K.L.:
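Provided herewith is a single structure, encoded as C-alpha cells, for subsequent inquiry.
So you know, we letter chains A, B, ... as the sequences are listed, proteins then strands, and number each from 1. Keep in mind that this is a model prediction, so the values were computed, not measured.
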There are 2 protein chains.
Amino acid sequence: MGKAASSRPIESQAPTMADVALRAGVSAMTVSRALKEGSRVSKATREKIMAAVNELGYVLDQSAGSLSSRKTGFVAAIVPSINNSNFADTARGITDELESTGLQLLLGYTDYTVEKEEKLIEAMLRRRPEGIILTGGAHTERARKLLKSAGIPVVETWELPSKPIDQVVGFSNEEAMGLLVKTLARKGYRKFGYIGGTTSRDTRGSQRREGFVRAIEELGLPTGRLVSFGVPPISIEQGGQAIVSMLERWPDTEAVLCVSDLSAFGALMECKRRGMKVPQDIAIAGFGDYEVAAFCHPGITTVNVDCYGIGRQAARRLIQVIRGAEKKQGQEIVLTGYRVVEREST
Amino acid sequence: MGKAASSRPIESQAPTMADVALRAGVSAMTVSRALKEGSRVSKATREKIMAAVNELGYVLDQSAGSLSSRKTGFVAAIVPSINNSNFADTARGITDELESTGLQLLLGYTDYTVEKEEKLIEAMLRRRPEGIILTGGAHTERARKLLKSAGIPVVETWELPSKPIDQVVGFSNEEAMGLLVKTLARKGYRKFGYIGGTTSRDTRGSQRREGFVRAIEELGLPTGRLVSFGVPPISIEQGGQAIVSMLERWPDTEAVLCVSDLSAFGALMECKRRGMKVPQDIAIAGFGDYEVAAFCHPGITTVNVDCYGIGRQAARRLIQVIRGAEKKQGQEIVLTGYRVVEREST
DNA sequence: CTGTTAGCGCTTTCAG
DNA sequence: CTGAAAGCGCTAACAG
C-alpha cells in the first residue's frame, strides 16, 4: 500500500523520517522537532506533519535518535527473580517512577547467581543505559569493573553493601531480622529456630540468618537450631519440608523464623496438615510481608519491607543524576523502612 | 584513567571501538569482527584485540551496531501485570527461550488496560523490536494499526482471539472454565457460584465467566449466582470479601468457582476464619494453579495452565520468523494445554 | 520558525 | 584474513 517511487519490490519497509518529511513538504529536521515536546514549530506545520505521520503509521526510531543525541533513554534494572512478589514490587516501583520521564526500563533477572548477573550487566551495558539498578551488594570483580568503566550512576538496593559501588537504597537485613527476634522474645518465646536456604548465594537470606544468630546470642537464648533446606529462593513447598526437619531434630522449638513469608507459609500449612496448633504448639514468622501472609489463616507475623518504595527511590536517585540536577555528589545511602507486623501466628 | 590525546578535560568517556582498534593496532572493522562470533580473525589479532578490550573495559555499543545492521536484537513483550506469578512465569519462559539467541527482552505491563497497552506498544516500537508478544486479543484500533505498519511478527497469547493479528499461542479460557464446572458437576455439586472482577477489562476473566455461565446452562443447573467484586485483577483480600457477599445472597451455594487462585485462596481463608469446613460446608475452586493453591490447606482445586510454556512457545514462534526459518506462513495458532487439578477443596 | 551540514559508533559492502 | 569507504536514521549545531 502506498509508498511507491521505490525501486524495491512490494515489501513494505517501515517508513522513515524522510518519508514523513517528503509527504509533509518540510525537512526532516522539522519533523524531528515536531515530534519532540517543547520545540517551536508552527501550528500549521505541525498539523501537516502529524497528518503525514498518521497516514504513514510512522513511529520514531529511537535507536537512531539516541545514537545522535547520545542519550538512549534506557535505565537497566537487575533483580534476582521476576517471579517473586517482593522484587516484582520493586520493579513496579522503578517503572512507575520512570514513567513520567520518558526513560524506559530494561529488566533482567539473575536467578540469584552473580555469574548470571555479570552476563546480564554486560548485555545491558551494550544498550548504553543511562543508569543501572542492582539488587544487593555481591557482584563479580569483572561486573564491578564493567560498571565503573561504564561511567553511569549505579544504585544497589535491598541491602547495605559494605563496599558500595555508588549509591545505595536499602536496609539492613540483619537488623530487621534481629528486630523480629527481639519482638518475639519479648512475648516470651525462648527456643527459637531458623529456616533458610542452603547456599549463600541469596545474600539477603544470609544476612537475615546472621541477624537471627546474633540476636539469639545477644539475648542469651538457646542457639543452634538452624535448618537449611533447598537452594534459595526457598519455596512454599520447601518451607513445609524444612519444618518437618526442624520438628524432628528439635521437637521442643517454640518459635520458627523463616527467611521469607513463602517458606513460612509452607511451614504453617504443613503444621496445620499435621494437626498442630499455631501459635499454641509452635509459633511461625516470616519475612517480606507478602500478600499471602496477611490473608492466610492464621495470619503470619512478618517483617514488612517497603519493596515498592525501594524501587521508586532507586529510580528517583538515578533520575536526579541523569537529569543532571546534581553532579553525583558522592556515595549517597538512602535507608528504607521496615517494621515488624505481628499477626496470629506468633 | 588513561585515554589521553583528547582535547576534552578529565571526564572519562566510555571507550569506543576506534579506541580499541588504535590500541590493538588494527582497524575498527577488525575489532568488530573479533567481537562477533563466527568471524574469521586470526588468533593473534583476536588476542591483541581482546587484550585491548579488557584493558579499556570496552563494551560494544549495540545501538550503533543495530542502526547499521538494521537488527536491534530486541523482542518486546507486554503482560497485564508483572506482579502475578502466572504472567511472571510467561515472561520467564520468553526470556529463557530468548537466552540462547542473543535477543533481549523489552518487558512492559499494562495494568490490564488497553490504553496503557497502546502507549506501551508505541514506546516499544520506537525501539524497533524484531517481534512482539502480547497478552490477549483486545487492543485499541490504533494499536492494531501501529502493529501492522511495524511489519514485525506479532504473537498474541493466553487467549484465542476471534480476530488474531498474526500468530497465537494460547487456549480457550471459556472451555477451560467449562471443563472445571463439568468436572465438579460430575462429583455431585449442583448449586454453583462464580466470583470474578467487576469490569471487563480483564478479558481472560470475562471469558472464564462466560465459560462458567454457559456450562451451567448446558448442564441445566441453577443459574445466576455471580458475584463481581473489585477491579481486576482481584486480590486475595477481595476474594475473601466476595465470598462473604456470595454467602449472604445465596447461603445454600455448594461450590464456588473463582476467576483465579488468588481470589479462591482469599475465599478459602475467609471460610476458615468463619469456622466453615471446606469442602463439606462449601467447595471452592480457582484457576491458574498458583503455588499457593497447591500447598495451602486444604489444597485448592484449580485449572493448571502452562504459563511458562506459553512464554517459551510464543518466543519460539517469533524466533522462527525473525531468523527467517519460515517466511511467515499465515496465521499460526498454537493451542497450549490445560487440565483440571483436583485437590481437597472440592 | 525552518533548513543545511555534519556526524553519532557501528556494520555492510566491496577490495585487496 | 584485513582494510577503506559509505551510510544506517536521526539530532546537535549553526545559519538564515
Side-chain angles (χ1 to χ4, degrees), chain A residues 3 6 8 13-49 52-53 56 58-74 102 125-130 150-151, chain B residues 3 6-8 13-50 52-53 56 58-74 102 125-130 150-151:
Chain A
K3 186 110 204 310
S6 162
R8 236 167 288 156
Q13 293 289 118
T16 155
M17 197 174 259
D19 296 324
V20 177
L22 193 68
R23 185 158 193 136
V26 295
S27 74
M29 195 56 232
T30 305
V31 175
S32 175
R33 288 196 184 101
L35 294 177
K36 187 144 244 138
E37 305 228 339
S39 293
R40 297 146 300 254
V41 177
S42 81
K43 208 180 157 204
T45 311
R46 168 168 271 126
E47 275 166 9
K48 267 191 304 183
I49 291 173
V53 164
L56 295 172
Y58 173 71
V59 175
L60 192 66
D61 184 336
Q62 205 164 161
S63 328
S66 57
L67 180 61
S68 180
S69 67
R70 324 193 45 48
K71 283 182 184 171
T72 57
F74 275 129
L125 289 181
R126 279 199 278 268
R127 303 297 186 169
R128 296 291 187 269
E130 300 183 44
Chain B
K3 184 115 205 304
S6 162
S7 59
R8 237 167 287 154
Q13 292 291 117
T16 156
M17 197 174 258
D19 296 324
V20 177
L22 194 67
R23 188 160 191 133
V26 295
S27 74
M29 197 52 236
T30 306
V31 176
S32 175
R33 289 197 184 97
L35 294 178
K36 188 142 246 140
E37 306 228 339
S39 294
R40 298 146 299 255
V41 177
S42 81
K43 207 181 158 203
T45 312
R46 168 168 270 125
E47 276 166 10
K48 267 192 306 184
I49 291 173
M50 286 315 187
V53 164
L56 295 172
Y58 174 71
V59 175
L60 193 65
D61 184 336
Q62 205 163 162
S63 328
S66 57
L67 180 61
S68 181
S69 67
R70 321 191 51 40
K71 285 182 184 171
T72 58
F74 276 129
L125 289 182
R126 279 198 279 267
R127 303 297 186 171
R128 294 291 186 269
E130 300 183 45

K.L.:
Apply side chain to side chain contact (heavy atoms under 4.5 Å, CB included) to the pair Val53(B) and Leu35(B), showing each step before the final yes or no.
P.N.:
CA-CA 10 Å; Val53(B) 164; Leu35(B) 294 178; 4.2 Å; yes
K.L.:
Quiz question: going by heavy-atom distance under 3.5 Å, is there a donor-acceptor pair between the base of dG7(D) and the side chain of Ser68(B)?
P.N.:
yes
K.L.:
Within 45 degrees of the ring normal and closer than 6.0 Å to the centroid, is that where the cationic atom of Arg127(B) sits relative to Phe74(A)?
P.N.:
yes
K.L.:
So, for Leu125(B) and Ala150(B), which heavy atoms are closest and what is the spacing to 0.1 Å?
P.N.:
CD2-CB, 3.9 Å
K.L.:
Can you check the Leu35(A) CG to dC10(D) P distance for me, whole Å?
P.N.:
9 Å
K.L.:
If the cut-off is 4.0 Å, is Thr30(B) near the phosphate of dC1(D), judged by side-chain N/O to OP1 or OP2?
P.N.:
no
K.L.:
Could you check how far CG of Leu67(B) sits from C1' of dT12(C), rounded to whole Å?
P.N.:
12 Å
K.L.:
Should the side chain of Arg70(B) and the base of dG9(D) be counted as holding a donor-acceptor pair, with the cut-off at 3.5 Å?
P.N.:
no
K.L.:
Over how many whole Å does the gap from Met29(A) atom CE to dC14(D) atom C1' extend?
P.N.:
11 Å
K.L.:
Tell me the interatomic distance from Lys71(A), atom NZ, to dA12(D), atom P, rounded to whole angstroms.
P.N.:
8 Å
K.L.:
Under 4.0 Å, heavy atoms only, any strand: does Thr45(B) hit a base, just the sugar-phosphate, or nothing?
P.N.:
sugar-phosphate
K.L.:
Confirm from the modelled atom types if Ser69(A) and dT11(D) form a donor-acceptor pair under 3.5 Å, side chain to base only.
P.N.:
no
K.L.:
How many whole angstroms separate atom CZ of Arg46(A) from atom P of dC1(C)?
P.N.:
10 Å
K.L.:
Over all heavy atoms of both residues, which pair between Asp61(B) and Ala64(B) is shortest? Give the atoms and the distance, please.
P.N.:
OD1-N, 3.3 Å
K.L.:
Does any N or O donor sit under 3.5 Å from an N or O acceptor when you compare the side chain of Arg128(A) with the base of dG9(C)?
P.N.:
no
K.L.:
Can you tell me if Ser32(B) touches the phosphate of dT11(C), counting only side-chain N or O atoms and a distance under 4.0 Å to OP1 or OP2?
P.N.:
yes
K.L.:
Side chain of Asp61(A) only, please: which of dG9(D), dT11(C), dC10(C) is the nearest?
P.N.:
dG9(D)
K.L.:
To the nearest angstrom, how far is Arg33(A) atom CZ from dC14(D) atom P?
P.N.:
13 Å
K.L.:
Whole Å only: how far is the CZ atom of Arg127(A) from the P atom of dG9(C)?
P.N.:
17 Å
K.L.:
Nearest whole angstrom, please: distance from the C1' of dT11(D) to the CE of Met17(A).
P.N.:
8 Å
K.L.:
Compare side-chain N and O positions of Ser42(A) against OP1 and OP2 of dT2(C) and report whether any pair is under 4.0 Å apart.
P.N.:
yes
K.L.:
Output, in order, the C-alpha distance, side-chain angles, deciding distance and verdict of side chain to side chain contact (heavy atoms under 4.5 Å, CB included) for Leu60(A) and Met17(A).
P.N.:
CA-CA 7 Å; Leu60(A) 192 66; Met17(A) 197 174 259; 3.4 Å; yes
